[in-house]
Amino acid sequence: MSSYKAVHKTLLSWYEREGRHSLPWRLTDDIYHVYLSEIMLQQTQVNRVRDEYYPLFLEKFPTIKHLADADLNEVLSLWSGLGYYRRARNLYLSAKLSKDGLPTSLKELKSLPGVGDYTASAVCSFALHQSVPVVDTNISRVLKRHFGLLGVKDKIIWKYAEKFLNIEQPRAHNLALMDLGSMICTLKSAECEICPLEKNCQGKEEPTLYTQTKKKEYIKMELYFGVLVQENKIALKFSDDNMYKDMLTLPKVDPLEENFLGSFKHAYTKYRLDVNIYKIEEIDGEIVWIDLEEFDSAPISSLTKKAKKFFE
DNA sequence: ATCCAGTGCC
DNA sequence: GGCACTGGAT
């Protein structure tokens, strides 16, 4: 008998009332759907995934077999604008490795590229209803506050998550903790008055004690790209440096005095970019010509998409 | 200008 | 352990 019986019950009854039950990946047990949602949700907010990328992706690749049989560029095209493009490459690699279905154990899932501790556990819990703890940044914060874990490392948080797990209803329990973390026990403010775990929470007096947010340092940078359009096609190249590595981008140029088409701002990881666009006449190196009509559905980043207004 | 979020490489 | 990797919302 778990010593957490009462608090488990309170948590689940809150979740039944207030949880985000209509998220599409919570209405299915399909492991591919759940796995896809978790990859998309890595470092990415729910709304964009739910409303656009997740449904479109599943429409185009309804099964993991469809995905495995696709071309990488089709996959990247559906990922275009979502960011962290390595996720799409790893997703595709994992599909190739799992043509007959994704593995169903924590260990095998974790061996797939792009699947770490969190995603493997999430799939086992949310799709397979296995009795495993799940720790993402939201759950981690909830547990730190609840158990008063100051300056504790991830390994230990996972131990607490395991100990606290409701083995009667592990899936609902994990989802409840997540929703609590994203809706009530948030990074900046903890609404302890309405929290179902308030009674036993050790962090309620000083919730912010358990979350140190280090202020980000941003680096300003100027970038210069060239636009060359011929016969209704735009010249792109595969990026050879780490910025948008291996993605199709406009060719980089040296800053020019003439043929300036315009500029825009873009945020890229720790950089705050001023992007300048120039009209150019020639390019060296290998060029990929993209039809202007197909530009919107090309495997390109948001930065490259933003440049469109200067050459369309 | 700030918010918000996992994996993997070194 | 530290750092790189994105983008839209607010």
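Lettering of chains follows the sequences in order, A, B, ..., and the numbering in each one begins at 1. All heavy atoms count here, side chains included; hydrogens, waters and symmetry mates do not.
- What separates CG of A:D241 from P of C:dA4 is a distance of 14 Å, to the nearest Å.
- With the nearest nucleotide of DNA chain B identified for both A:K220 and A:K110, A:K220 has the one nearer the 5' end.
- Residue contacts for A:S182: at a heavy-atom cut-off of 4.0 Å it reaches no nucleic acid atom on any strand shown.
- Partners of A:R26 under the salt bridge (Lys or Arg N to Asp or Glu O under 4.0 Å) rule, at least two apart in sequence or in another chain, are A:D179.
- With A:Y278 as the fixed residue, the ring-ring contact (aromatic ring centres under 6.0 Å, His included) test singles out one of A:F310, A:F225, A:F260: A:F260.
- Heavy-atom distances under 4.0 Å link DNA chain B to A:V115, A:G116, A:D117, A:Y118, A:T119 of residues 115-127 of chain A, given in residue order.
- Ion pairing between A:K99 and A:D69 holds under the 4.0 Å rule for side-chain N and carboxylate O.
- When the side-chain nitrogen and oxygen atoms of A:Y244 are compared with OP1 and OP2 of C:dG7, one or more of them lie within a distance under 4.0 Å.
- Regarding A:D246, its CG atom lies at a distance of 13 Å from the C1' atom of C:dC5, rounded to whole Å.
- Across all strands shown, A:Q42 has heavy atoms under 4.0 Å from sugar-phosphate atoms exclusively, and none from any base.
- Put simply, A:K270 has no side-chain N or O that comes within less than 4.0 Å of OP1 or OP2 on C:dC3.
- We find that CZ of A:R87 is positioned 15 Å from P of C:dC5, with the value rounded to whole Å.
- If you take CZ of A:R86 and P of C:dA4, they are 13 Å apart, rounded to a whole angstrom.
- In this structure, A:S80 contributes its side chain and A:L76 its backbone to no donor-acceptor pair below 3.5 Å.
- Where DNA chain B meets chain A (any atom under 4.0 Å from a heavy atom), the bounding nucleotides read 5' to 3' are B:dC3 to B:dG8.
- Atom CE in A:M247 sits about 8 Å away from atom P in C:dT6, given to the nearest Å.
- Every pair tested for ring-ring contact (aromatic ring centres under 6.0 Å, His included) that includes a residue from residues 100-122 of chain A fails, sequence neighbours excluded, so the list is empty.
- Between A:F164 and A:F147, the ring-plane angle classifies as perpendicular under the 30° and 60° cut-offs.
- Classification of A:D296 and A:K305 as a salt-bridged pair fails, no side-chain N sitting under 4.0 Å from a carboxylate O.
- Per the geometry, CE belonging to A:M243 stands 15 Å off C1' belonging to C:dC3, to the nearest Å.
- Contacts classified as side-chain hydrogen bond (donor to acceptor under 3.5 Å, both in side chains) and involving residues 149-176 of chain A (residues at least two apart or in different chains) are given here: A:S125-A:N174.
- Protein atom CZ of A:R89 is 20 Å distant from nucleotide atom P of C:dA4, rounded to whole Å.
- If you take CZ on A:R272 and CD1 on A:I219, they are separated by 10.0 Å, rounding to the nearest 0.5 Å.
- The nearest heavy atom of DNA chain C to A:K153 and to A:G83 marks one nucleotide each, and the one closer to the 5' end goes with A:K153.
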Review item, nucleotides 8-10 of chain C N/O atoms under 3.5 Å of protein N/O:
from: C:dG8; atom 1: OP1; to: A:S302; atom 2: OG; distance (Å): 3.2

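- Residue A:N90 contributes atom CG, which lies 12 Å from atom P of C:dT6 at whole-angstrom precision.
- Summary of the strand contacts: A:Y218 and A:L41 both lie near DNA chain B, and taking for each the nucleotide with the nearest heavy atom, the more 5' one is attributed to A:Y218.
- Rounding to the nearest 0.5 Å gives a distance of 14.0 Å between OH of A:Y85 and CG of A:D246.
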